[in-house]
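Atoms within each ligand, like the ligands themselves, are counted from 1 in listed order.
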Amino acid sequence: MSKDVSAFVHSLYKTNNFLPLHEPVFSGNEKKYVLETIDSTFVSSVGEFVDRFEKMFADYVGGKYAVATVNGTAALHVCLLMAEVVANDEVITQPLTFVATCNAISYCGAIPVFIDVDRDSMGLSADKLAEWLAANAEIRGNECFNRRTGRRIKACVPMHTFGHPARIEKIKTVCDQYGVVVVEDAAESLGSFVGDKHTGAFSELAAFSFNGNKTITTGGGGMLVTDNEALAKRAKHITTTAKLSHPYKYVHDEVAYNYRMPNLNAALGCAQMEQLDGFLAIKRSIAEQYKTFFESREESFVVERAGTKANYWLNAIVVNEAKRDEFIEQTNALGVMTRPIWGLMNRLPMFKACESGDLGNAEWLEARVVNLPSGVISPA
Ligand SMILES: Cc1ncc(COP(=O)(O)O)c(C=O)c1O
């Protein structure tokens with residue numbers, strides 16, 4: 001089975017060379033804009049490209065404010081700080097995610113609680129979340145507490161896995177009932193929508209990533225998006241060392257972070273944003289060809305849920321559990337990079353003591369899901 005798949009992927013990408021999961025394409029104004037930053041000397045954290053990138057990004061995702069950061073993990077960390085997550089709070093998330101989600105929670109001194117995902121979206125299950133909260137949470141004052149641990153449950157971080165939107169509207173409704181703040185980890189979902197609303201626009205705060213493997217890249221970079229002006233201002237303040245404006249003095253009013261995205265990276269971001277619609281169209285066409293190919297096979301291709309539009313950031317198939325590792329080994333040996341989905345976060349040493357609900361779907365997916373090459377074929 002791996003031979004047919006490898007041959008198909010090579011034919012799809014029209015090459016016999018090794019095919020990575022995702023690689024960046026710089027086919028627009030990237031060099032021009034980066035050279036402009038060098039010529040202007042504004043390569044660091046001040047410069048017009050940062051402001052331009054933030055504006056382009058906010059407009060695209062339909063958020064009022066966007067704050068650019070050094071990476072997506074930093075954006076998520078700041079989102080959680082803006083949600084007022086503090087040490088010893090609990091933050092609900094999914095066990096099936098990239099480790100950065102849980103790292104950001106830990107940077108706040110908070111403790112992840114793992115709730116299962118849905119099989120179709122691979123994102124946090126709204127139903128399992130509602131069940132878990134009904135069984136374990138109580139509201140005191142305006143706040144939500146875990147009855148067993150006594151800790152406050154401050155926030156919930158659903159993640160749109162591989163660009164497939166989670167059932168975010170229902171998650172938000174459930175969290176609102178308990179006074180739990182939703183922070184969307186939209187690191188993987190630039191260009192993914194529920195109805196005509198962009199992922200990340202359903203919650204008060206959302207974080208995106210522009211790592212080199214993402215749909216658009218700034219080398220390294222991230223973005224916090226919010227409609228709340230006060231939170232946006234505060235996010236910008238604490239990502240720029242909490243420096244107060246002054247003609248010549250260094251005045252800082254709190255311990256803060258050097259998380260601001262450099263202008264050099266934002267220059268790449270502006271050029272990549274100009275090409276986003278084109279990238280998404282190519283990714284959709286690749287996904288459609290995978291879908292057709294896998295229709296007649298035993299592996300099944302993960303498609304977008306009805307009512308949603310996925311960006312197909314990383315294409316995924318569900319493979320028979322007993323054959324999965326062999327499939328991965330053989331496709332890689334044949335020059336096609338494939339990777340298993342992440343191991344569950346609750347198995348990692350630093351998170352294994354964290355509370356979890358029943359994780360049946362996450363365990364099922366963990367044993368079967370494999371990612372396939374998904375990069376944008378360069379139009380050049
Ligand atoms: C789900 C998820 N969350 C957070 C991140 C963190 O982003 P970054 O690598 O830009 O720090 C990533 C990507 O790398 C991710 O896939």
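- Legend: residues meeting salt bridge (Lys or Arg N to Asp or Glu O under 4.0 Å) with E30, ordered by chain and number and at least two apart, are absent.
- Among residues at least two apart or in separate chains, side chain to side chain donor-acceptor pair (under 3.5 Å) pairs with a member in residues 206-228 are E204-N228.
- Looking at N29 and Q275, their side chains never come closer than 4.5 Å, going by heavy atoms from C-beta outward.
- Looking at I317 and F301, their side chains come closer than 4.5 Å, going by heavy atoms from C-beta outward.
- Within the 4.5 Å cutoff, the side chain of M159 has no heavy atoms near those of the F98 side chain.
- For ligand 1, the protein residues placed under 4.0 Å by at least one non-hydrogen atom are N71, G72, T73, T97, F98, A100, T101, M159, D185, A187, E188, S209, N211, K214, G221.
- The ring-ring contact (aromatic ring centres under 6.0 Å, His included) check on Y259 picks up H77, Y257, with sequence neighbours excluded.
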